[in-house]
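Below: one structure, written as structure tokens.
We're numbering straight along the sequence, starting at 1.
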Amino acid sequence: MATKGNPGDNRNNRSPISVFIIVGLCGFFYILGLWQRSGFGKGDSIAVEITKHTDCSVLSDLNYETHHDDDFGTSDGSDIQVKEFKPCDDRYIDFTPCHDQMRAMKFPRENMAYRERHCFPDEDKLRCLIPAPRGYATPFPWPMSRDYVPYANAPYKSLTVEKAVQNWIQYEGNVFRFPGGGTQFPNGADAYIDELASAIPLDNGMVRTVLDTGCGVASFGAYLFKKNVIAMSIAPRDSHEAQVQFALERGVPAIIGVLGTVMLPFPSGAFDMAHCSRCLIQWGSNDGIYMKEVDRVLRPGGYWVLSGPPINWRMHFRAWQRPEYELEEEQRKIEEIAKLLCWEKKYEKGETAIWRKQLQSGDCTERETQTTMCATTYSDDVWKMESCVTPSKPTGPWKPFLERLNAAPSRITSGFVPGVSVEAFEEDNRLWKKHVNAYKRINKIISTGRYRNIMDMNAGLGSFAAALESPKLWVMNVVPTIAEKANLGVIFERGLIGIYHDWCEGFSTYPRTYDLIHANGVFSLYKNGCDAEDILLEMDRILRPEGAVIFRDQADVLVKVKRIVKGMRWNTKMVDHEDGPMVSEKMLFAVKQYWVAGDNTTSSE
């Protein structure tokens, strides 16, 4: 297809690099000029200043969609009617499609099955836009967001009453304040973490990834960031209502989840450490099935921390107001299962105990002779939890973070990832550094801290997250269940976090919990899987007002995506591949407009 415009126009003699930069900035930051309201509704000075200083004089000469054929007969599909998506009813402000409270009550309560994922069937899915609550405000920047959350964003005061004496959360005027306390750390999370650091190498980068089960409002994970340790916090959507929502509003990684009847959505050997602080999980029940699941997701040599009942029950049973015999039996079972798993107790003091998983799988005969071993194909699939012990995969020596971020993981050097060599891994790293640099040239505020919670919907080997690595942000690396599952183990070995997920279903989070979403090849991957509208509506649900999306896909796919999101109150701009207009892969930048419940206007109007 011929390029539009006069080939003799001198403005086309600009260098390709300068044209790319000017056009990208012009188009994207025209949108961003109206884009961000601060915590209480004021304009974003960063976007405004960039817009003022961007030269848009070349826009009329460029057409990003003239270098390929599409299915619509025009460059942008403008001759096809755009479907407008209406706002959902206000009662769906905090709708979680796979963790709906009313729907959950229809499922068995045994083994917490009713708190697991139960998604609506296709015919019952909401196909409307989830509104933000009135007064919704952009979260405070990190680290201020660790301590303060605008009340309007999660207007639930119940925890301020239920946990008033435990320093979880306090309501002060128009914000919630998080003092950093917890049931097991009344002196603050810092003091508690320092205690753990006396037995666990939390200060030298050797422990980087942590699973926090029953996380509450995630103060443990929030304060681990001080040591450059990243925690995946999980908690059910239950009577505590908004604990995971508070965690994400604070800028802490979290998902709605529970140890129940289904395996956790993580690969085997993923985490350096697992943690339970009064998480109310019955560790000794059902033949220790939950401890075996922790064993599965722990790396060889990983640590398990149990804080609270029944540890040191003789000293604390009166304060816990529980019978001695009950606590004694509970601790006996835990100790027995830990021995069968060949965990070595490294520390016990006060109400805290720490075990370490064996580093080499052949070091303990009890593990293989006195327990049922899982099939080897079981370890990286997410399905029904069984009472078996997962064989540990060979692993190299632990490396500290940041070294492990860009070093070839042992899963690759050992040949556990099909089709990925060390050379391919290194090339993937180089490629994503190049892509991310292109993103930053177009959106200069990516690295400023404006985007704290970032999601990569099709993370591959995690190189997008590695290229972005910064204490100002974190990335939830999603490996689609229809993609190569072995990739998620690589991501964790690099010191990053992630999750398995099927994008034909809702994600295990609350609405408005991500600032920036990256979708590389997602719609090509799912072209025969499910409706693109459903995936985009889910993206809209989890994206904050005035949050951004970067799509990277084939041009014809992005033309379709652009047409759909035009009816979703998103502003968009198509941009050529950084290698030039002849590359069929393109980028689509989008910004979700600001609007709230009962508001028929948006930030662009």
Side-chain angles (χ1 to χ4, degrees), residues 96-99 117 139 142 145 208-213 215 218 221-222 224-225 229-235 244-257 264-267 270-271 297 382 401 405 432 436 439 446 449-481 483 485 487-503 505-522 525 535 538-544 547-552:
T96 50
C98 295
H99 300 275
R117 288 174 56 86
W142 182 267
S145 65
R208 162 66 178 175
T209 57
V210 174
L211 174 66
D212 188 16
T213 52
C215 65
L224 277 176
F225 274 114
V229 174
I230 186 167
M232 174 75 82
S233 301
I234 65 172
V244 167
Q245 189 174 19
F246 280 129
L248 286 154
E249 286 291 327
R250 298 176 72 186
V252 181
I255 58 168
I256 303 171
L264 294 172
F266 313 116
F271 293 94
V297 300
V382 180
F401 194 80
L405 181 65
W432 278 103
V436 168
Y439 297 161
I446 286 178
R450 171 60 181 83
Y451 305 123
R452 170 70 181 171
N453 302 359
I454 298 177
M455 174 180 283
D456 192 357
M457 294 177 67
N458 184 20
L461 299 174
S463 296
F464 167 78
L468 275 179
E469 173 58 31
S470 166
K472 297 177 182 178
L473 56 85
W474 57 269
V475 179
M476 180 68 76
N477 293 280
V478 180
V479 172
T481 52
K485 293 186 179 67
N487 289 348
L488 190 53
V490 170
I491 288 167
F492 273 97
E493 196 170 341
R494 300 181 74 173
L496 305 169
I497 59 169
I499 186 173
Y500 295 123
H501 180 65
D502 180 0
W503 284 113
E505 299 178 349
F507 194 74
S508 292
T509 191
Y510 283 80
R512 304 171 301 279
T513 45
Y514 286 86
D515 304 299
L516 173 65
I517 298 176
H518 180 242
N520 171 49
V522 171
L525 181 66
I535 298 176
E538 177 62 4
M539 293 171 69
D540 182 83
R541 184 184 74 88
I542 68 179
L543 184 65
R544 298 193 194 279
V549 180
I550 303 173
F551 299 90
R552 179 180 285 270

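- Taking the ring axis of F225 as reference, the NZ or CZ atom of R452 stays within 45° of it and closer than 6.0 Å to the ring centre.
- Proximity of a side-chain donor or acceptor of D212 to a complementary backbone N or O of A231 within less than 3.5 Å is not detected.
- Looking only at side-chain heavy atoms (C-beta outward), I517 and D456 stay at 4.5 Å or farther from each other.
- Within the 4.5 Å cutoff, the side chain of S233 has no heavy atoms near those of the V244 side chain.
- The ring of F551 has its center no closer than 6.0 angstrom to the ring center of H518.
- Residues T96 and R541 meet the side-chain proximity criterion, which asks for heavy atoms closer than 4.5 Å.
- Under the 3.5 Å distance criterion, the side-chain polar atoms of N477 are matched with a main-chain donor or acceptor of I497.
- Here the side chains of M455 and V478 are in contact, with some heavy-atom distance below 4.5 Å.
- In this structure, L543 and R512 have side chains that are not in contact, with every pair of non-hydrogen atoms separated by 4.5 Å or more.
- Ring-centre distance between F266 and Y500: not below the 6.0 Å cut-off.
- By the 4.5 Å heavy-atom criterion applied to side chains, W503 and E538 are counted as neighbours.
- The list of side-chain hydrogen bond (donor to acceptor under 3.5 Å, both in side chains) pairs with a residue in residues 465-476, not counting sequence neighbours, reads N453-W474.
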